[in-house]
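Residue numbers run from 1 in the order of the sequence given.
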Amino acid sequence: MDDDGHSPERQRRRLTVPLSSMASESDILKARRLLVVHRPRAFVRQLCTGCGKAWPCLDTLYAWAVTGAEPIDPDSLP
């Protein structure tokens, strides 16, 4: 039975020609613009010490709501 070349062995073949050599000038220009916009960005994120999820986690929000305690300002922590 012919599977039209969709066997795993045929799908894993490496390209013999680099993909960049098949791109048009407009594709290359668009790709360069994308690289300018999509650069890495560093950021800091606070995590809950109890569960490791983003702080305030759902448990913290629940506890604040039930107890009526004032939410902690993370900037005031040492």
Side-chain angles (χ1 to χ4, degrees):
M1 177 165 99
D2 186 17
D3 63 354
D4 295 327
H6 295 290
S7 66
E9 293 80 29
R10 288 188 55 87
Q11 292 178 1
R12 291 188 191 139
R13 288 190 308 173
R14 293 187 178 263
L15 291 174
T16 56
V17 178
L19 188 60
S20 59
S21 68
M22 295 184 276
S24 69
E25 289 294 322
S26 65
D27 290 337
I28 293 171
L29 183 60
K30 181 178 180 181
R32 286 185 179 152
R33 287 182 184 152
L34 286 171
L35 289 175
V36 168
V37 174
H38 293 270
R39 295 185 307 175
R41 172 175 56 129
F43 65 97
V44 177
R45 185 172 89 160
Q46 294 175 341
L47 300 177
C48 176
T49 57
C51 62
K53 295 180 182 175
W55 192 85
C57 65
L58 288 177
D59 289 340
T60 303
L61 295 173
Y62 170 78
W64 285 340
V66 170
T67 61
E70 299 241 351
I72 299 171
D73 180 17
D75 296 329
S76 67
L77 296 174

Nearest heavy atoms of [X] and [Y], plus distance in Å:
{"X": "P56", "Y": "L61", "result": "CG-CD2, 3.9 Å"}
{"X": "C51", "Y": "C48", "result": "N-SG, 3.6 Å"}
{"X": "W55", "Y": "I72", "result": "CH2-O, 3.3 Å"}

* Take atom CD1 in I28; do more than 12 heavy atoms of anything else shown fall under 6.0 Å from it? -> yes

* Asked: In Å and rounded to the nearest 0.5 Å, what is the CE to CG distance from M22 to D27?
  -> 11.0 Å

